[in-house]
There are 2 protein chains.
Amino acid sequence: MARRARSEMIEETRGKLVAAAREAFGRLGYADTSMDDLTATAGLTRGALYHHFGDKKGLLRAVVSAMDAEIDERLNAASATPDHWAGFVGRCRLYLETALEPDIQRIVLKDAPTFLGSDYLETSRHACHISLTARLAVMMADGVVHGGDAETLAHMINGALVDAALWIAEADDPAPRLARAIANLDLLLSGLRASGQS
Amino acid sequence: MARRARSEMIEETRGKLVAAAREAFGRLGYADTSMDDLTATAGLTRGALYHHFGDKKGLLRAVVSAMDAEIDERLNAASATPDHWAGFVGRCRLYLETALEPDIQRIVLKDAPTFLGSDYLETSRHACHISLTARLAVMMADGVVHGGDAETLAHMINGALVDAALWIAEADDPAPRLARAIANLDLLLSGLRASGQS
DNA sequence: CAATTAACATACGGGACGTATGCAAACTGG
DNA sequence: CCAGTTTGCATACGTCCCGTATGTTAATTG
C-alpha cells in the first residue's frame, strides 16, 4: 500500500494552501479573504495554515514569492535574444502584457506592497526587478544605453509599466489602451538609447 | 453666548474625523486602524463616522480626495512658469519629493489603490493625474514634445515617479537615492523632447 | 410653538484572526 | 520490534472590529 513519505505529504499540504490562497487572494483580494473559507476550500483547517505559515501574511508572502519567480521565469525565457536592446524592449512589452492578468494585478501589484511592508520586498526583492536591473547594467556596459543608473532606471521603468498595466486593465475594452501604451513605451524608452534610431 | 450654526458644527465634526483618520491611516495604515480608537481620538463615537461617511472606506475616500487635491495644488503652484518644458520637469521633480512623505506613501500610493477599487480612482480621478495629462497635451500641441499620447504618457511618468519615491523612502538615508532618481529622471524624460538639448 | 428632521451616542450581532490545547501518525534509537 | 519523542494538523477559545439598528437630544421649519 502506497505509504507516502512524510515530507511529500507536507509539500502537498503547503501546495494546496498556496494554490487556494492564490485563487482566493486573486479573486477577493487579501483583505476580504477569510482564512476559514480558504482552508476549507483546500480541504484543511486553519490549524494547518498557522502551523506552516505562521499567520495570514506568511501565506501571502509565499504566494507572492511564487508568482514573482514565475513571472521572472517567463520574462527571461522570452527575452533571451542576442540583440540586447531588442530583448530589453521585448521584455518590457511582455511585462506590460503579463501585468494585465487580474491575479497579478491584485496580489503582486496591489496587495503585496500594502500588506507586506517594504521591508519584505526589500529583502526578498522582486526577481523581476533584479533581472531588469542586470539587463540594464549590461546594456550600459556595452554602450547601448548611455550613462545612467541601472537600479534607479529599473525602478522607474517598472513603475511606468505597472501603472500603465493597471490603467489598461481598468477599461472595458483594454485593447486600444494596450496599443497606445506599447507605442508610448517605445517613445519613452528611446530616450535611453545611446545612438539614435528607435 | 456664541450659539454656533449647525452647518458649522457639522463641518467641524467632519474635519475632526478626517484629520484623525489622516493621522491614523498614515501611521498605522488603513487596515490596522480601528474605528473605535480613531473616533475616540477625535472625541466622538462610531455613530458620527457612519452617519457622515457611510463606512470605513467612505472615510478613506474623503481623506484621499483631500490629500490628492492638496498635492495637486502644491504642484500647480510650483510649476507655473512660462517655459513649458522647465515647468513640466520641475513638476515631476517636485512630485518625486512630495511623494516621499510617509502619509502620502501609505495612504495615497498604497492603501488607496488597494482598498478603493479602480472604480473610485476612475471616477474621482487623481487631480494630479489630470493636471499632468493636460500639461503634456499642451506641450504636444506646441510641439515641445513630439507625438505621443498625453494620457498614456501621464500614467507612465506618474508610475515611474511613484515607484521611484517608494524605493527612495525605503532607504535609511534617502538622500543619495533621491539624487540618483532626479538625474535619471532627466535622462528618461529627455526621450520625450522634440528637438534636442536636454 | 408644535412637528419634524438631522446629528450623534449606545447597544447588538456576526465574523475573522491568532493562540492554546489536544491527538494521532511518523520518526528516532536501542 | 518497541517505547519515547517530535511534528503535522484539528479543535476550542478569547478578543477585536465592523456595520446596523435603535434611541436621544438639539436645531430647523411652517
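A, B, ... follow the sequence lines: proteins, then strands. Residue 1 opens every chain. These numbers come from the heavy atoms of this one structure, side chains and all, not from hydrogens, waters or symmetry mates. Computed from a predicted model, the values in this text were never measured in an experiment.
Residue Arg14(B) contributes atom CZ, which lies 10 Å from atom P of dA7(C) at whole-angstrom precision. Put simply, CD on Glu8(B) is 11 Å from P on dT28(D), counting in whole angstrom units. Put simply, CG on Leu49(A) is 13 Å from C1' on dG8(D), counting in whole angstrom units. Across the protein-nucleic acid pair, Lys56(B) atom NZ and dC16(D) atom C1' stand 12 Å apart, rounded to whole Å. Straight-line distance from the CE atom of Met9(B) to the P atom of dA26(D): 11 Å, rounded to whole Å. Counting to the nearest Å, the P atom of dT15(D) and the CG atom of Asp32(B) are 20 Å from each other. Separating the NE2 atom of His52(B) from the C1' atom of dT20(D) is a distance of 17 Å, rounded to the nearest angstrom. Atom NZ in Lys57(B) sits about 13 Å away from atom C1' in dC18(D), given to the nearest Å.
Heavy-atom distances under 4.0 Å link DNA chain D to Leu44(A), Thr45(A), Gly47(A) of residues 34-47 of chain A, given in residue order.
Both tests do not hold together for Lys57(B) against Phe115(B): distance to the six-membered ring centre under 6.0 Å, angle to the ring axis within 45°. In this structure, Arg14(B) is positioned above the aromatic face of Phe53(B), its NZ or CZ under 6.0 Å from the six-membered ring centre and within 45° of the axis.
Looking at Tyr95(A) and Ser79(A), their side chains never bring a donor and an acceptor atom within 3.5 Å of each other.
With sequence neighbours left out, Tyr50(A) forms a side-chain hydrogen bond (donor to acceptor under 3.5 Å, both in side chains) with no residue at all.
Using a 4.5 Å heavy-atom threshold, the side chains of Ile168(A) and Leu96(A) count as touching. A heavy-atom distance below 4.5 Å is not found between the side chains of Leu187(A) and Val145(B).
Contact between the side-chain N/O atoms of His51(A) and the OP1/OP2 oxygens of dC9(D) is not found at any separation under 4.0 Å.
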